[in-house]
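First comes the structure, then the notes that go with it.
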Amino acid sequence: MSDEQIIQQDENQIIAERRAKLANIRANGVAFPNDFKREHLSADLHAKYGEVEKEELEGQAVSVAVAGRMMLKRVMGKASFATVQDGAGRIQFYITRDNVGEEVYASFKTWDMGDIIAAKGTLMKTKTGELSVQVSELRLLTKSLRPLPEKFHGLTDQEQKYRQRYLDLITNDTSRDTFVKRSRIVQKIREFMVNERYLEVETPMMHPIPGGASAKPFITHHNALDMQLFLRIAPELYLKRLVVGGMERVFEINRNFRNEGMSTRHNPEFTMMEFYEAYADYERMIDLTEGVIRFAAKEVIGHTVIDYQGKQVDLSKPFARFTIAAAIQHYNPQYTDEQLHDRAFLKAEIARLGGKPVLTDGIGGLQLSLFEETTEEKLWEPTFIIDYPAEVSPLARASDTRPGITERFELFIVGREHANGYSELNDPEDQAERFQAQVALKDKGDDEAMHYDADYVRALEFGLPPTGGCGIGIDRLVMLLTDAPSIRDVILFPQMRRED
RNA sequence: GGGUCGGUAGCUCAGUGGUAGAGCAGCGGACUUUUAAUCCGUUGGCCGUGGGUUCGACCCCCACCCGACCCA
């Protein structure tokens, strides 16, 4: 369908009438003026004058200049009220023919919901005590050609909320509030990290070798270099190169791209914070992770015991810790210690539960699969799962005392993974071997296995100090803190199928 | 990929084999303190798309498209 056809199809009587009004405005001067100087925001006025008594307020004769989108309009003969929404809230205009003049008043009556209007006037209070602008000058700044969603119910259609986010933002306070909170959460996370003397950095989004995670990448192509590039699946290997380079505390908050299925928990592009600290281990990363989440909750939500989808989550007390096997047994007491160390039993049990076929054969990997099938979703309260098997942790440092185990953790809250961190593997020879093992897995058909990154190994050969690192899923954290059921509710423009 | 539910006026929703409805928005009128203002009048539909069944389909059947949720 061509654009022209879409436009044609979209036209209706309401739009046609508004276009006619716009044509009339054009014929009479500047249709889209940009010379009005807005001086006040609704929220500031409510904060400053909302509690002032009617007589006192009107005695002060406070002059204001405000502007916004007309959301409600109540015309009563020679006097009208309009509710105007600006970036911070709403305020009511009181418009009378006697104050604005017959001509402007007649024009106002033709203006529509959704139009961007501006007023100068003085503050007043109505007889019910609502702070309002008694308008002396009234202007139309932007004619809106399309009707807004119904004023009471707003926009409810999920698809339209996602595809036309601007409409969702205009009409739904909760949606606006979610994205304001998202911004504040990210800001507070930055503040926390900077206070920990971390430097914020940006590393490439386009990678010649995708690395740092087990995931399928998006593939793109650079014309001038005639080179295949991958949208990054994680910044990890670049950030650790920076630690090699002497940037001892770095973090990056940015997008990752994974070419996988979409769900209420997965969007193809999503935001992670990764951070790396020299001379730190995974215990320090656990502390930072717990600290930054608690800080963001306290600063943005105001408290650390929050509601998520009708159930409480307590972020205030120290997060629980379990090894994988201990967590399985704690939440599924039917499994015996013996069973959890029996390869044949684990394989059969995973298959019975409908889990993915396991390509690796180690006890640790099998336990992890069983954990994913039986336990993950039950971890409602914040819980660190620790001691991941080396075979599924190709970038993590192995335990000095327990063979096959790495110093790694993942954080689960409300049954979802929120963070993943470890003491970094800084032995270049061990790293080279683990990459080779990944390549072998890839050859066996695991298309999420990692590539061999020779430059990364070379960097390690110059010496990566002992380092701790961690990644925190920002979208999921925002979901948690804003009580959003779907990742699409916290991403302004979530990925959607093409409309045609 | 599988299952469930949904797609009807610009928006929010009814309708169930027999002339497509309501509220809001729009248009015309009344109204100088309204609060989703109110009152009177009124315009507006390829009922997601394409096939079928039927004298007749928004409704029944099949396929497809789009979305939400659940499962893999």
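Note that the structure is predicted; figures quoted are calculated from it, not measured. Order of the sequence lines sets the chain letters (A, B, ...), proteins ahead of strands, with each chain counted from 1.
Spacing of P atoms, B:A30 relative to B:C69, comes out at 49 Å, to the nearest Å. A gap of 28 Å separates the C1' atoms of B:U42 and B:G18, to the nearest Å. Straight-line distance between the P atoms of B:U43 and B:G10: roughly 16 Å, to the nearest whole Å. Spacing between B:C24 and B:C64 at atom P, rounded to whole Å, works out to 41 Å. Distance check on atom C1': B:U38 versus B:G23 gives 15 Å, rounded to whole Å. Spacing of P atoms, B:G56 relative to B:G51, comes out at 16 Å, to the nearest Å. Taking atom C1' on both B:G15 and B:G45, the two are 14 Å apart, rounded to the nearest angstrom. The gap from the P atom of B:A57 to that of B:G52 amounts to 12 Å, rounded to the nearest Å.
Here the P atom of nucleotide B:C11 and the CE atom of A:Met71 are 15 Å apart, to the nearest Å. For the pair A:Arg18 CZ and B:G44 P, the interatomic distance rounds to 19 Å; values are reported in whole Å. Remark: P of B:C66 and OH of A:Tyr162 are 17 Å apart, rounded to the nearest angstrom. Atom-to-atom, CD of A:Gln160 to P of B:G48 comes out at 16 Å; the value is rounded to the nearest Å. The distance from atom CD of A:Gln495 to atom P of B:G67 is 11 Å, rounded to the nearest whole Å. For the pair A:Asp157 CG and B:G6 P, the computed distance is 14 Å after rounding to whole Å. Taking atom CG of residue A:Leu145 and atom P of nucleotide B:G26, one finds them 15 Å apart after rounding to whole Å. We find that CD1 of A:Ile15 is positioned 13 Å from P of B:G45, with the value rounded to whole Å.
Side chain of A:Ser136 to main chain of A:Lys120: a donor-acceptor pair is present (N/O by atom type, distance under 3.5 Å, no hydrogens or angles). A donor-acceptor contact shorter than 3.5 Å links the side chain of A:Gln309 to the backbone of A:Asp483. Remark: the backbone N or O of A:Phe81 is not paired with any side-chain donor or acceptor of A:Gln92 at under 3.5 angstrom. Side chain of A:Arg90 to main chain of A:Thr83: no donor-acceptor pair is present (N/O by atom type, distance under 3.5 Å, no hydrogens or angles). Remark: side-chain polar atoms of A:Asp314 are not paired, donor with acceptor, to backbone N or O of A:Val305 under 3.5 angstrom.
For B:C13, one of the phosphate oxygens OP1 or OP2 lies less than 4.0 angstrom from a side-chain nitrogen or oxygen of A:Thr156. Using a 4.0 Å cut-off, no side-chain N or O of A:Arg146 falls inside it from OP1 or OP2 of B:C11.
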Do nucleotides 31-41 of chain B as a string where each nucleotide becomes B, S or -: B if the base has a protein heavy atom under 4.0 Å, S if just the sugar-phosphate does, - if no protein is that close. BBBBBBB----

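Under the Watson-Crick and G-U wobble criteria, each requiring two contacts below 3.5 Å, nucleotide B:U38 is paired to B:A30. When both pairing distances are held under 3.5 Å, B:U4 makes a Watson-Crick or G-U pair with B:A68. The pairing partner recorded for B:C46 is none, the criterion being a Watson-Crick or G-U wobble arrangement whose two distances lie under 3.5 angstrom. Remark: B:A9 base-pairs with no nucleotide in the shown strands. Criterion, Watson-Crick or G-U wobble with two distances under 3.5 Å. Pairing partner, B:G56: none, since no Watson-Crick or wobble contact has both distances short of 3.5 Å.
Taking the six-membered ring for Trp and thresholds of 30 and 60 degrees, A:His451 and A:Phe230 have ring planes inclined between 30 and 60 degrees apart.
Nearest to the side-chain atoms of A:Glu159 among the listed nucleotides B:C69, B:G67, B:C11 stands B:G67.
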Walk me through it: do A:Val490 and A:Thr482 pass the test side chain to side chain contact (heavy atoms under 4.5 Å, CB included)? CA-CA 8 Å; A:Val490 301; A:Thr482 60; 3.8 Å; yes

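When every heavy atom of A:His266 is checked against every heavy atom of A:Gly261, the shortest pair comes out as CB-O, 3.6 Å.
Within the 4.0 angstrom heavy-atom criterion, only backbone atoms of the sugar-phosphate kind lie near A:Ser486; the bases stay farther away. Nucleic acid contact class of A:Gly261 (heavy atoms, under 4.0 Å, all strands): none.
Nearest-nucleotide positions on RNA chain B for A:Pro485 and A:Glu373 put A:Pro485 closer to the 5' end.
Exactly one residue among A:Glu376, A:Glu377, A:Met479 makes a side chain to side chain contact (heavy atoms under 4.5 Å, CB included) with A:Arg416. That residue is A:Met479.
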